[in-house]
Amino acid sequence: MKMSQVFSRTLREIPSSADSKGYGLLVKAGFIRQLGAGIFSLLPLGLRSIRKIENIIRQEMDGIGAQEILMPLVNPADIWKETGRYYSIDKEMSRFEDRVGRQMVLAMTHEECVTDIARFEIDSYKRLPSLVYQLQTKWRDDPRPRAGLIRVREFTMKDSYSFDKDYEGLEKQYKAHYSAYFRIFDRCALPTIAVGSDSGMMGGKVAHEYMYLSPIGEDTIIICDSCLYTANRQIALFEKEYYPEEPKEKEEVYTPELTTIEQLTQFLKVPPHKTAKALFMMGTFVDETTGEETQKLVVGLVRGDLDIEENKLQNSAKANAIRPAHPEEIQKAHMEVGFGSPIGVKEDVVVIVDESVAKSNNLVAGANKLNYHYLNTNFKRDYDGIVADIAMAKAGYKCPHCNGLLKQSKGIEVGNIFQLGTRYSESMNCTYQDENGKRLPVIMGSYGIGVGRLLACLAEEYNDEKGLKLPITSAPYQIHLVSLVKEEEVVEKIYTDLKNSGFEVLYDDRKESAGVKFADADLIGLPIRITVGSRALKENSVEIKLRKNLQESLLVSLDSLLSEVQKIAETLKKEIEVRHIEYEN
RNA sequence: CGGGGCGUUGCCUAGUGGCUAAGGCGCUUGCUUUGGGAGCAAGAAACCGGAGGUUCGAGUCCUCUCGCCCCGACCA
């Protein structure tokens, strides 16, 4: 492609709205342009990168036996009502009516649609296992899009869906994805780790997320270096310490205006692990068959030396959503803000007690009375509730498997895999007949990769002060041919020869100064740069540089250019290491 | 849904009640230049996001509204 013909252009300055480096550079280099909040156009360079990533995904998906399909973005609301998600998903899914008033949705994922297809296609165990995937536009009305392509409302996603007759089959497809995903990210040269994750709105049990670790990430990952335990903090476990004691008599103490654990422990001269702290949330509970919503107060109780992980609390309470409760709501349930505890609460309050509290004795807890706490409260004797793990794992805590020290890091989720089980096949009656003629629900899995987000992560990982330096597998072109000479025919021939040898070449044929051309070449950051200058050309030579190392340059004769470039491209490709990682349970 | 910030030409910004809204980049034309964002000259391009108000006078103050960004809540 001749640069004089390229539709997009580069900017001299990064638009002020760009907050992350990779995003700013993608805009500056003309890869993407923003239309609205979380809505972007892909310009020619950006689309070429996306296509390359998509092709890697296609190859690896095809490689594990997946067949590409394409499902519609617009779904009738009916199938979403069948699974109940029409009701349980909030405004994130956009709804509208068609011309005759039928309820429609913009599908934010395709479990419903694919299950609807599957219940028609799959009638016998002979048609299982099966695996389909698509690369398709998703619309999710995220309340807070941000950081360019990292978190958008409209985006392309690769989603695949597996169908099996039993859990062994699902396990097999899950493992195949587990490894294929590593190959995909490795081929893109994006460093990722897989972490155990929450299944969220997808339902199902086992789930992993693929994380690109980055300070601009929005997820917190808990990692054990000793035994390689990794998990999203939303579900991460850790080894809790206990301080056993015989139960003592409950006692009321006057604790004027002491509402925080810190103030309380100082005043009472007790360590934080001798206290219990309560978190009050308003939970929304949705009946998935009728769509009826109820609000209930959810009280989480954790030992004072720990914090509550709200996601764990929401899961333990089986709530669809939780938000901080207003003081009036807490008081209505006969609890006192700042001096609250589940002691003496009404019955329609969901009380979740962390193990740390359930297995400890004689904790200081709120007396539900202004300025009073109780000493020596004990679970079961003084109050009741559901015991669960709702404590937040943190760096420095002990690994649940090997007692090693946990670390934490920020990460961006670029992919996820879920073992759905029969969550969708049961509610949508997607069944097959087994060898004995018995009807059984199909066992499903679902697997996603955010394509644009993957590019955004690559831009974040591969850049410097001058611009992008995407790896050869995702760069829009392989070669940037910079012409600084008047001998157009000569450069034109180099360009044509390179193209005919199968290279993708961006040829800067513009009538611009050398500085402008170099600056743009740095900015777009194609891996191989060939500069045609007058001095070298007199010697029948051109200069080759690699974007990742602009210091070094190689002078090659025109005769050997093709073979030299071939060699360099091969080396660049070989440098991208593809790991073979098997899933171990 | 809370809290904060910002909307001035394609991009970056100045202008903080007073004359015809200013500059840099980019763009157009001409000449000169060509190994790191060139020089000179001449141009085009903004009803200052929108509506209403206060005022003799509003880009500037007030109200509403739309949009974008950030923090939190939220998030296959």
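A note on names: the letters A, B, ... follow the listed sequences, proteins ahead of strands, and every chain is numbered from 1.
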Item to check | Rounded distance in Å between the P positions of B/G37 and B/G30 | outcome: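 Here B/G37 and B/G30 have their P atoms 25 Å from each other.
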
Next on the checklist: If I pick the C1' atom on B/A45 and the same atom on B/G24, what distance separates them, to the nearest angstrom?
Outcome noted: 15 Å

Quick check on [N]: is either OP1 or OP2 less than 4.0 Å from any side-chain nitrogen or oxygen of [X]?
X        : N     : result
A/Ser513 : B/A38 : yes
A/Arg12  : B/G26 : yes
A/Gln314 : B/C74 : no
A/Arg146 : B/G72 : yes

Item to check | 5' priority, RNA chain B, between A/Ile39 and A/Lys91 [closest heavy atom] | outcome: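 The 5'-side residue here is A/Lys91.
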
Next on the checklist: Quick check: any donor-acceptor pair below 3.5 Å linking the side-chain of A/Glu543 to the base of B/G35?
Outcome noted: yes

Item to check | Touch class at under 4.0 angstrom, heavy-atom based, for A/Asp520 against every strand present | outcome: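 The residue A/Asp520 makes base contact.
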
Next on the checklist: Under a 4.0 Å threshold between the charged nitrogen and the carboxylate oxygen, would A/Glu92 count as salt-bridged to A/Arg140?
Outcome noted: yes

Checklist entry - Looking at A/Glu218 and A/Arg151, does any basic side-chain N land under 4.0 Å from a carboxylate oxygen? => result yes

Checklist entry - A/Tyr181 vs A/Tyr210 aromatic rings, parallel, tilted or perpendicular, using cut-offs 30° and 60°? => result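 A/Tyr181 vs A/Tyr210 ring planes: tilted.
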
